Amino acid sequence: MTGGAASAAHGLGQRGPVQAMPIVAMALVVLLFGVFLWVLHRSEREEETLTLIKDVLWVEQNLHFQLTSDEEKLQYLAESLGREDTTPVNYSVMARHIVTVNPAIQRVVRLDPQGRPVRSEPPVDDGPALDDAFGPSPRADAFLIARSSGRRAYSAPYRLGAADTAFEIVIPIFRGQEFAGALAGVLSIDALLTHHVPWWFAQRYQLEVIDPYGAVLGTKSRIAMPEPRRSHVVPFDPPGHGLTLVATLHQLSGNLGRNILIAAIFALTVSALWSLWAVRRHIARRIRAEEALRAEHAFRKAMEDSLTVGMRARDLDGRIIYVNPAFCRMVGWSAEELVGAGPVMPYWLPEDLVHTEEVFRAVLAGNAPANGFELRFRRANGERFDALIYEAPLIDAKGRHTGWMGSVLDITERKRAEELARQQQERLQQTARLITMGEMASTLAHELNQPLSAIASYCTGCLNRLQAGSIRPDELATALEKLSGQAKRAGQIIRRIHDFVRKSEPNVAPCRLARVLEDCVALMDSDARQQGVRLVLEMGRDLPAVMADRILLQQVVVNLMRNGIEAMATTRRDRRRLSVTVQEVDGTVLTRIQDRGCGISSENAEKLFSPFFTTKTEGMGMGLNICRSIIEHHQGRLWFEPAPEGGTVFLFSLPVLSEPSATGAADSHDVRAADV
């Protein structure tokens, strides 16, 4: 693992516990909140239990108070029956009053000393000699206890009707010291619960009276189907006999506000946990993004530091905001010295400030050339160098244009190499021309021999006639004119050869291609006649001028014409024809040199313009390559096509000069065909 990766991993390891602390803290909060809720719930249950016990004891005391009150009323009635002055009418009135006022007392029954019912209030259908209006009653045991003890006694519960249960209070009656019977009050358990258990108790609890065998004798509750939570049991004494009061707490709806608060706290806790988890994931993603960004920055920094191309960024005001090490090495100033610098830059040439500032303003205005531009700069040590600069808009992450990024290349060595290559190309072109003239030497010697022989003959004839003294002046003038014509002819041949082979600096100037072609045809005339080739020159009317070096164009045309003449070596002499045509086509001057030779095979076509490729036994293989270089140097194009009648057509086009030269226009040539 590299040092950067190790430090990053160490950083992540340190950040892990820090990131986990909020989650641990929130988990502890949740745990404490759960413990708090459990304690609160337990406290509520204990409070509910305590309240249940208090409420049950209160109800039990209330029922006990009511039974005591009923006992006292029945005791008063029993004491009244023990007096002699109580008539049956009075008894009935008092008994009915007790039954009416006390809803729990269903009936009051007068018993004789043997325990038989004598009179009942309210009366029953069976008459006064009744046993029990609703079936057998366990009052016998209570009667015996009351008679023997002389005190009130409670009977065991028994069924009273189809859906009710009752018990009796039996109070003995004495007249003086004599036992005169008993008074039994029948109390309904359901009526007792209904009228003497308050509504609020029934709203919250279910109260039941249960016998020793677990049978429910009476119940009261305002909930149709209660869901019991907890119960409390107290003895129901009186009446005793194993009866118990069972109060069961209903599952009532809890505290709505508290439940909402608990739900809100729980939701908030869950939301906080989720937020912490989301934040942790976001932080983890951010850390990964930062690590990736650092790695990407380190990679880009290493890549920029390894570049040999100088990178320079400027803001919209032209101040430098970034330079890479290659640019610092190129100009010799450090990044600290360059960043923040504005015009005039320290690497600008003092003698070229005006031009450099114009280019600088053009770049800031967005008018930088797409193919770059060249400027000369200076290094910190004063050395000058040539720079090729490409400027591009600097766009930030939001798509806003914030400045300009320049790529700066030191092209000093390249320009030096280009100059050396240009000089070598010129030497190669001169050598090619000399080779061409060497190949044409015998033909040119023959061409010069004719005018020189004619000059010698005219001179000898004139001398002989002068010595004889028989020549007339007009005859001498005619001979001298012919001699002068032959001398001019020889001079033109020598001038063309001298112009063609002489070494000179390129002289690009406006020229007429028609005159160049005429000189080339004249130069190749003798060679063509020797090979039996007919030269045909066709020129359009008023051809425009081109910007070119006349000597270099002559070299191209002569080379192409010589190739065409040599290509027809195996062609029948009557078909040997080399046509040279020049015309204006779409803003260019197009020249066609067509032969009737053997043509160019497909395997040679792809390599025809390659250096040192030739099909001649003694050729250098540089002629066509030099021709293409010359034409392309003049912003033109050179190519070839198969001729319709057999052979090959070489074509080259040169751009028309936009403005005619004021130095003199070439003579216009009519469309003509010249057989030489």
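Computed over heavy atoms, backbone and side chain alike; hydrogens, waters and symmetry mates excluded. This is a predicted model, so every value here is computed, not measured.
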- List for me each residue that meets side chain to side chain donor-acceptor pair (under 3.5 Å) alongside Lys54, sequence neighbours excluded, and say none if there are none. none
- Item | Test ring pair (Phe, Tyr, Trp, His ring centres under 6.0 Å) applied to Trp333 - qualifying residues, sequence neighbours left out | none
- Salt bridge check: are Arg294 and Glu291 linked by an N-O gap of less than 4.0 Å? yes
- Considering all heavy atoms of both residues, which atom of Asp211 and which atom of Leu243 are nearest to each other, and what is their separation? CA-CD2, 3.7 Å
- Query: Between Glu79 and Arg83, is there a side-chain N and carboxylate O pair less than 4.0 Å apart?
  - Reply: no
- Item | Minimum heavy-atom distance between Ser149 and Ile145, given as atom pair plus value | OG-O, 2.5 Å
- Task: May I ask you to decide if Leu394's main-chain N or O and Thr402's side chain share a donor-acceptor pair within less than 3.5 Å?
- Result: yes
Scan the side chains in residues 309-316 for donor-acceptor partners under 3.5 Å anywhere in the protein, sequence neighbours excluded, and list what turns up.
unit_1 : atom_1 : unit_2 : atom_2 : d
Arg312 : NH1    : Tyr347 : OH     : 3.0
Arg312 : NH2    : Glu391 : OE2    : 2.6
Arg314 : NH2    : Glu391 : OE2    : 3.0
Asp315 : OD1    : Asp317 : N      : 3.0
Asp315 : OD1    : Gly318 : N      : 2.9
Asp315 : OD1    : Arg319 : N      : 2.7

- Item | Tyr322: ring pair (Phe, Tyr, Trp, His ring centres under 6.0 Å) partners, not counting sequence neighbours | none
- Query: Do you know which of Lys73, His97, Gln66 makes side chain to side chain donor-acceptor pair (under 3.5 Å) with Asn102?
  - Reply: Lys73
- His355: partners by ring pair (Phe, Tyr, Trp, His ring centres under 6.0 Å), with sequence neighbours left out: none
- Query: Between Thr165 and Val209, does a side-chain contact (heavy atoms from CB on, under 4.5 Å) hold up when you go through it step by step?
  - Reply: CA-CA 10 Å; Thr165 304; Val209 179; over 6 Å; no
- Taking Arg379 for its side chain and Met330 for its backbone only, find out whether a donor-acceptor pair lies under 3.5 Å. yes
- Closest non-hydrogen atoms of Ile173 and Leu81, given as atom of the first, atom of the second and distance, are CD1-CD1, 3.6 Å
- Task: Return the minimal non-hydrogen interatomic distance between Pro172 and Ala78, and the atom names on each side.
- Result: O-CB, 4.1 Å
- Item | Validation row: Leu217, Tyr158 side chains within 4.5 angstrom (heavy atoms) | no
- Could you tell me whether Arg175 atom CZ has more than 12 heavy atoms of other residues or ligands within 6.0 Å of it? yes
- Tell me, please, which residues at least two apart from Ala95 pass side-chain contact (heavy atoms from CB on, under 4.5 Å). Leu77, Tyr91, Val108, Glu121
- Answer yes or no: is there a donor N or O on one side and an acceptor on the other, between the side chain of His297 and the main chain of Leu293, under 3.5 Å? no
- Under the salt bridge (Lys or Arg N to Asp or Glu O under 4.0 Å) test, which residues partner Glu46, sequence neighbours left out? Arg42
- With side chains defined as the heavy atoms from C-beta onward, is the minimum distance between Leu192 and Leu67 less than 4.5 Å? yes
- Item | Residues Asp164, Ser188; criterion side-chain hydrogen bond (donor to acceptor under 3.5 Å, both in side chains); working and verdict | CA-CA 7 Å; Asp164 195 5; Ser188 169; 2.3 Å; yes
- Item | Residues which pass ring pair (Phe, Tyr, Trp, His ring centres under 6.0 Å) with Phe174, listed by chain and number, not counting sequence neighbours | Phe179
- Any donor-acceptor N/O pair, Glu337 side chain to Ser334 backbone, under 3.5 Å: yes
- Sorted by chain and residue number, the side-chain contact (heavy atoms from CB on, under 4.5 Å) partners of Glu374 (sequence neighbours excluded) come out as Leu388, Ile411, Lys415
- Does the Gln106 side chain pair with the main chain of Pro103, one donor and one acceptor, at a distance under 3.5 Å? yes
- Do Ile321 and Trp404 touch side chain to side chain, with heavy atoms closer than 4.5 Å? no
- Salt bridge or not for Arg152 and Asp70, using N-O below 4.0 Å? no
- Message: Once rounded to the nearest 0.5 Å, what's the spacing between atom OG of Ser407 and atom CZ of Phe327?
- Response: 11.0 Å
- Task: To the nearest 0.5 Å, tell me how far Thr219 OG1 sits from Asp190 CG.
- Result: 8.0 Å
- Message: What verdict does the side-chain contact (heavy atoms from CB on, under 4.5 Å) test give for Leu74 and Ile98, after you've listed the backbone C-alpha separation in whole Å, the side-chain angles of each residue and the deciding distance to 0.1 Å?
- Response: CA-CA 8 Å; Leu74 292 174; Ile98 290 174; 4.2 Å; yes
- Query: Do Lys220 side-chain atoms and Ala202 backbone N/O form a donor-acceptor pair below 3.5 Å?
  - Reply: no
- Might you work through the side-chain contact (heavy atoms from CB on, under 4.5 Å) test for Arg280 and Leu276, ending with a clear yes or no? CA-CA 6 Å; Arg280 185 177 183 277; Leu276 283 175; over 6 Å; no
- Note on the structure: Minimal heavy-atom distance between Pro138 and Pro157, with the atoms involved, is CG-O, 4.4 Å
- Can you tell if the side chain of Phe373 reaches within under 4.5 Å of the side chain of Ile389, non-hydrogen atoms only? yes
- Task: List the steps, then state whether ring pair (Phe, Tyr, Trp, His ring centres under 6.0 Å) holds for Phe360 with Trp348.
- Result: CA-CA 11 Å; Phe360 172 80; Trp348 285 4; 5.6 Å; yes
- Item | Minimum heavy-atom distance between Ile189 and Gly218, given as atom pair plus value | CG2-CA, 4.1 Å
- Message: With a 3.5 Å distance limit and no angle check, can you tell me whether Thr100 reaches the backbone of Arg96 through a side-chain donor-acceptor pair?
- Response: yes
- Residues which pass side-chain contact (heavy atoms from CB on, under 4.5 Å) with Ser275, listed by chain and number, not counting sequence neighbours: Ser271
- Looking at side-chain heavy atoms only, is the closest gap between Asp141 and Ser155 below 4.5 Å? no
- Quick one: list whatever passes side chain to side chain donor-acceptor pair (under 3.5 Å) with Asp55, sequence neighbours left out. Tyr205
- Task: Could you give me the CA-CA distance, side-chain angles and deciding distance for Asp112 and Arg119, then say whether salt bridge (Lys or Arg N to Asp or Glu O under 4.0 Å) is met?
- Result: CA-CA 9 Å; Asp112 62 11; Arg119 189 179 182 86; over 6 Å; no
- Within 6.0 Å of CZ in Arg285, more than 12 heavy atoms from elsewhere: yes
- Is the CD atom of Glu178 crowded by more than 12 outside heavy atoms at less than 6.0 Å? no
- Message: As a quick check of understanding, evaluate side-chain contact (heavy atoms from CB on, under 4.5 Å) for Met94 and Tyr76, giving each step before the final call.
- Response: CA-CA 10 Å; Met94 295 174 66; Tyr76 178 79; 3.5 Å; yes
- Query: Arg378: what forms a salt bridge (Lys or Arg N to Asp or Glu O under 4.0 Å) with it, not counting sequence neighbours?
  - Reply: none
- side chain to side chain contact (heavy atoms under 4.5 Å, CB included) test vs Ile53 passes for just one of Thr51, Leu57, Val56, namely Leu57
- Item | Among Val246, Val59, Thr248, the one residue meeting side chain to side chain contact (heavy atoms under 4.5 Å, CB included) with Leu207 | Val59
